[in-house]
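One structure below.
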Amino acid sequence: MSGTSRRGFKRQKALEILTRLKRLYPDAICSLKYDTPVQLLVATILSAQCTDERVNKVTPALFDRFPDAAALAGADISEIETLVRSTGFYRNKAKNIQGACRAIVEKFGGQVPKQMEQLLELPGVARKTANVVLAHAYGINAGVTVDTHVKRLSYRLGLTSQTNPVKVERDLMPLLPQEDWENWSIRLIYHGRAVCAARKPACDRCILADLCPSVDRTVS
DNA sequence: ATCCCGAGGG
DNA sequence: CCCTCTGGAT
């Protein structure tokens, strides 16, 4: 089989997966709470190795105390640390939040930049965070958000053989229409939480089981 | 013990 | 590639 038709097969499969997941999760949206692009950026930095539910428990108090980039840039770092502590990695996260906000104030007029390259200059921001902010704050589909769920499900479904998230993203982008890139990530995240869990995937009630090479077909 | 919408450094 | 950063939930 040629590389072109193998990709065609995977593309067909990816589109079928997306169609089914759109039906299963018709109202899937970004589950982080925020009012502004800066707040979404901060919430996304906090979401590293942490559930969104936990992030949403700390951000109301954080944004009440420090509502924008200027406030976070001028904050006492230890106060940020205290407010975000329960999300884990709290010293790095506080430092990155403040560092990113200072750069936003000094270089970008207090607004989150809309260019991928500029976002990647911010401390604590790599492609995953940049993709989330661009897609949900600005409606810009610069890439495919690859978090732990998107990586795991894309691998299990046989759409990538990579484990490095940047390589997973490169494999996924040509398989999906650009306008569906964030739809893909959001639905896979929902499905990863509800069905295709890391430890005990519920293959017996998965609507993608017939398409999935990783499904446990053994009968007990 | 393992995982959660990661990123940076070696 | 590897390791570290960190707390909470299961």
Side-chain angles (χ1 to χ4, degrees), chain A residues 18 21 25 27-34 37 39-59 61-62 77-78 80-104 112 116-138 140-157 160-170 172 176 180-202:
Chain A
L18 184 58
L21 292 182
Y25 309 109
D27 303 317
I29 53 163
C30 177
S31 47
L32 294 168
K33 290 195 289 191
Y34 64 97
Q39 291 185 357
L40 177 59
L41 176 67
V42 171
T44 308
I45 290 173
L46 291 175
S47 73
Q49 295 297 297
C50 178
T51 60
D52 286 11
E53 193 183 350
R54 170 61 49 188
V55 173
N56 288 336
K57 283 181 181 169
V58 312
T59 46
L62 180 66
I77 189 75
S78 65
I80 301 178
E81 288 178 356
T82 301
L83 286 165
V84 306
R85 186 176 184 282
S86 71
T87 67
F89 299 157
Y90 65 94
R91 281 185 287 264
N92 279 337
K93 286 176 180 176
K95 192 196 310 174
N96 287 334
I97 286 167
Q98 184 160 71
C101 285
R102 286 182 174 167
I104 285 170
V112 178
M116 173 64 78
E117 290 73 24
Q118 296 176 328
L119 278 164
L120 295 179
E121 291 174 20
L122 303 175
V125 178
R127 288 197 62 91
K128 184 261 168 177
T129 300
N131 278 328
V132 168
V133 172
L134 288 171
H136 295 285
Y138 295 136
I140 298 170
N141 297 304
V144 178
T145 299
V146 178
D147 75 320
T148 183
H149 296 290
V150 175
K151 179 175 80 165
R152 183 180 68 253
L153 270 67
S154 299
Y155 182 85
R156 284 180 177 170
L157 287 162
T160 181
S161 55
Q162 302 293 331
T163 54
N164 178 309
V166 174
K167 293 180 182 172
V168 173
E169 185 182 359
R170 276 210 301 267
L172 290 176
L176 297 157
D180 278 317
W181 283 352
E182 198 58 22
N183 283 324
W184 173 265
S185 298
I186 286 288
R187 263 68 180 201
L188 256 62
I189 290 166
Y190 270 65
H191 200 59
R193 287 186 189 131
V195 178
C196 192
R199 268 179 280 196
K200 204 165 74 72

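Every value quoted in this text rests on a predicted model; they were computed, and no experiment measured them. Proteins get letters first, then strands, A, B, ... in listed order; numbering begins at 1 in each.
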Need one value for [X]: base, sugar-phosphate or nothing, where a base atom within 4.0 Å counts as base even if backbone is also close, heavy atoms only.
{"X": "A:P123", "result": "sugar-phosphate"}
{"X": "A:V125", "result": "sugar-phosphate"}
{"X": "A:L32", "result": "nothing"}

Between [X] ([atom1]) and [N] ([atom2]), how many Å, whole number?
{"X": "A:N183", "N": "B:dC5", "atom1": "CG", "atom2": "P", "value": "19 Å"}
{"X": "A:N56", "N": "B:dC4", "atom1": "CG", "atom2": "P", "value": "17 Å"}
{"X": "A:K128", "N": "B:dA7", "atom1": "NZ", "atom2": "P", "value": "6 Å"}
{"X": "A:L153", "N": "B:dC4", "atom1": "CG", "atom2": "C1'", "value": "14 Å"}
{"X": "A:K200", "N": "B:dT2", "atom1": "NZ", "atom2": "P", "value": "17 Å"}
{"X": "A:L120", "N": "B:dG6", "atom1": "CG", "atom2": "C1'", "value": "13 Å"}
{"X": "A:H191", "N": "B:dC5", "atom1": "NE2", "atom2": "C1'", "value": "16 Å"}
{"X": "A:K151", "N": "B:dC4", "atom1": "NZ", "atom2": "C1'", "value": "12 Å"}

Donor-acceptor pair between A:S47 and A:D52 side chains, under 3.5 angstrom: no
Results of salt bridge (charged side-chain N to carboxylate O under 4.0 Å, His left out) for A:R152 - residues two or more places apart only: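 Here no residue qualifies.
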With sequence neighbours excluded, residues passing salt bridge (charged side-chain N to carboxylate O under 4.0 Å, His left out) with A:D147: none
N or O in side chain of A:T44 less than 4.0 angstrom from B:dC5 OP1/OP2: no
Any side-chain heavy-atom pair of A:V112 and A:Y138 under 4.5 Å: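 They are in contact (side-chain heavy atoms under 4.5 Å apart), so the answer is yes.
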Short N-O contact, A:D180 and A:R187, less than 4.0 angstrom: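 Salt bridge: no.
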Side-chain ion pair, A:E81 and A:R91, N-O less than 4.0 Å: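 No, this pair does not count.
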Considering only the [atom1] atoms, how many Å lie between [N] and [M], rounded to the nearest integer?
{"N": "B:dC5", "M": "C:dT4", "atom1": "P", "value": "24 Å"}
{"N": "B:dC4", "M": "C:dC1", "atom1": "C1'", "value": "23 Å"}
{"N": "C:dG8", "M": "B:dA7", "atom1": "P", "value": "22 Å"}

Protein-to-nucleotide contact annotation, 5' to 3' order, nucleotides 5-10 of chain C [B base; S sugar-phosphate only; - none; under 4.0 Å, heavy atom]: BBBSSB
Enclosure of A:Y155 OH (heavy-atom neighbours >12, cutoff 6.0 Å): no
Closest-nucleotide 5' rank along DNA chain B - winner of A:L122 and A:S31: A:S31
Residue met sooner reading DNA chain B from 5', once A:R127 and A:A197 are mapped to nucleotides: A:A197
